[in-house]
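Before any comments, here is the structure.
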Protein chains: 2
Amino acid sequence: MRTRDPKKEKTLRDKAFAMIVKEGFDGLSMQKLAKAAGVSPATIYIYYKDRDDLILRLYAYASHRMTEHTLQGFDPASSFKDGLRVQWINRAEYCLQHPLEAHFMEQVRFSPLYDRAVKLMEPGFIEAMRAFVKGAIKRGELIRVPVEVYWSIAFAPLYQLLKFHKHGKGMPATESFALDEKTMMLTLELVTKALKP
Amino acid sequence: MRTRDPKKEKTLRDKAFAMIVKEGFDGLSMQKLAKAAGVSPATIYIYYKDRDDLILRLYAYASHRMTEHTLQGFDPASSFKDGLRVQWINRAEYCLQHPLEAHFMEQVRFSPLYDRAVKLMEPGFIEAMRAFVKGAIKRGELIRVPVEVYWSIAFAPLYQLLKFHKHGKGMPATESFALDEKTMMLTLELVTKALKP
DNA sequence: TGCACATAAGTGAACATTCATTTATGATTG
DNA sequence: CAATCATAAATGAATGTTCACTTATGTGCA
């Protein structure tokens, strides 16, 4: 039996991420992708069932890497302040080191594929997050609010800052914007202040 | 001279919003749109230069309505607490009353058209926001932080809550989620706490 | 060791559709 | 009439996917 070339799979993934981010979902065509990856169109269909399957599997791949990175050095039993800081750093690192993957995931979240994509979230990740929040509340380090309120305040500001950073521009009036550690930690402090009892 | 049918323009807009939100940008085709609006494909090209122009003009339209709604009853000279509350209510109302337009705008923001779309933001809106923040800082009602930090904390959580609401689901573990006034006002209070000196 | 066989990887050309856009022509109204 | 709206029909290019086929590689048997 002929063995599969592992390089092809990676090349296909990389080119697909780049193509989707640069040209949007309508910019991704199987034939263009094949040409970019130096592969026959038919070869793509050996790896992926069809176009939707390709996109969803790319999402699963990125999602997995993202959760893996986010959990690095994170202890669900740690103090709220420490745990949140680790997560901010990890999440920011992932987005800054893999901008294409991160952007791609956001595109999927506003696409019709979203519903199918959410189901790919890893239960272990969700459980770790829940345990962390639950412990922090029990120890009186975190106010008792609905999880959605918590998440909105705890992480949405970080992702907004990263969005500003990615475009190199903040608010329309600002000339240019680049997220540095100082700014990030300042924002984290304010968020922590909001969530502390 | 023959007069243009104003109904056609509105129908085209509405059907385009619906089509893009439901099927994504690759789901929007000029021929499908024409059929949905009960119009010939060529007619679309009377109203819009090409496909990109159509999307950008839709964005300009939605953006205008959004800023208009957001400024309703908003006084840039009002107190920070009051002004922020008015904006939260206005922004939430717009998103809830025009979910298609709101979702469409987010799709554009993660598409390659983003750069061209930002330029359509209205200067008057930006100026009102700046004046509001500046005044609040001067009166000591708001901490002195970069505008991007302010915006991230002041509004990102609201939009995250609306995103949860739209999908009817909050965090993956939650069975279902619906944003009510109480939850929104609770979140607003926490955000205000974070931004107060 | 050598050699056929089985099997999966990989291919280029071709499929019917659909795409965005244009052209030639008619309809409507100032 | 003259100007603009509106259309049906048609354009070539590009789409996702499949097909018949070749190539590579591990296995079983001599």
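All of these numbers come straight from a predicted model, not from anything done at the bench. Keep in mind that the numbers below use all heavy atoms, side chains included, and drop hydrogens, waters and symmetry copies.
- Within the structure, ring-ring contact (aromatic ring centres under 6.0 Å, His included) contacts touching residues 23-65 of chain A (residues at least two apart or in different chains) do not occur.
- Ring orientation note: the planes of A:F164 and B:W151 are nearly perpendicular, at an angle over 60° on the 30°/60° scale.
- Within residues 4-24 of chain B, the residues approaching DNA chain D are B:R4, B:D5, B:K8, by heavy-atom distance under 4.0 Å.
- Atom OG1 of residue B:T67 and atom OH of residue B:Y94 lie 9.0 Å apart, to the nearest 0.5 angstrom.
- A donor-acceptor contact under 3.5 angstrom links the side chains of A:T183 and A:D180, judged on distance only.
- Distance B:D53 CG to C:dA20 P: 14 Å, rounded to the nearest Å.
- Relative orientation of the A:F104 and A:F17 rings is perpendicular, given thresholds of 30° and 60° on the angle between their planes.
- A:R116 has no carboxylate O lying under 4.0 Å from a charged side-chain N of A:D53, or vice versa, which leaves the two without a salt bridge.
- We find that OH of B:Y48 is positioned 14 Å from P of D:dC5, with the value rounded to whole Å.
- Between B:L96 and B:H165, some side-chain heavy-atom pair lies under the 4.5 Å cut-off.
- Between B:I46 and A:T3, the residue anchored closer to the 5' end of DNA chain D is B:I46, taking for each the nucleotide with the nearest heavy atom.
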Within the sub-3.5 Å range, which N or O atoms of nucleotides 15-18 of chain D have a protein N or O partner, and how far apart are they?
{"from": "D:dG16", "atom 1": "OP1", "to": "A:L28", "atom 2": "O", "distance (Å)": "3.2"}
{"from": "D:dG16", "atom 1": "OP1", "to": "A:R51", "atom 2": "NE", "distance (Å)": "3.1"}
{"from": "D:dG16", "atom 1": "OP2", "to": "A:M30", "atom 2": "N", "distance (Å)": "2.7"}
{"from": "D:dG16", "atom 1": "N7", "to": "A:Q31", "atom 2": "NE2", "distance (Å)": "2.9"}
{"from": "D:dG16", "atom 1": "O6", "to": "A:Q31", "atom 2": "NE2", "distance (Å)": "3.4"}
{"from": "D:dT17", "atom 1": "OP2", "to": "A:Y45", "atom 2": "OH", "distance (Å)": "2.6"}
{"from": "D:dT17", "atom 1": "OP2", "to": "A:R51", "atom 2": "N", "distance (Å)": "3.0"}
{"from": "D:dT17", "atom 1": "O5'", "to": "A:Y45", "atom 2": "OH", "distance (Å)": "3.3"}

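- When the side-chain nitrogen and oxygen atoms of A:Y47 are compared with OP1 and OP2 of C:dG10, one or more of them lie within a distance under 4.0 Å.
- Within the 6.0 Å centre-distance limit, the rings of B:H167 and A:Y114 are counted as a close aromatic pair.
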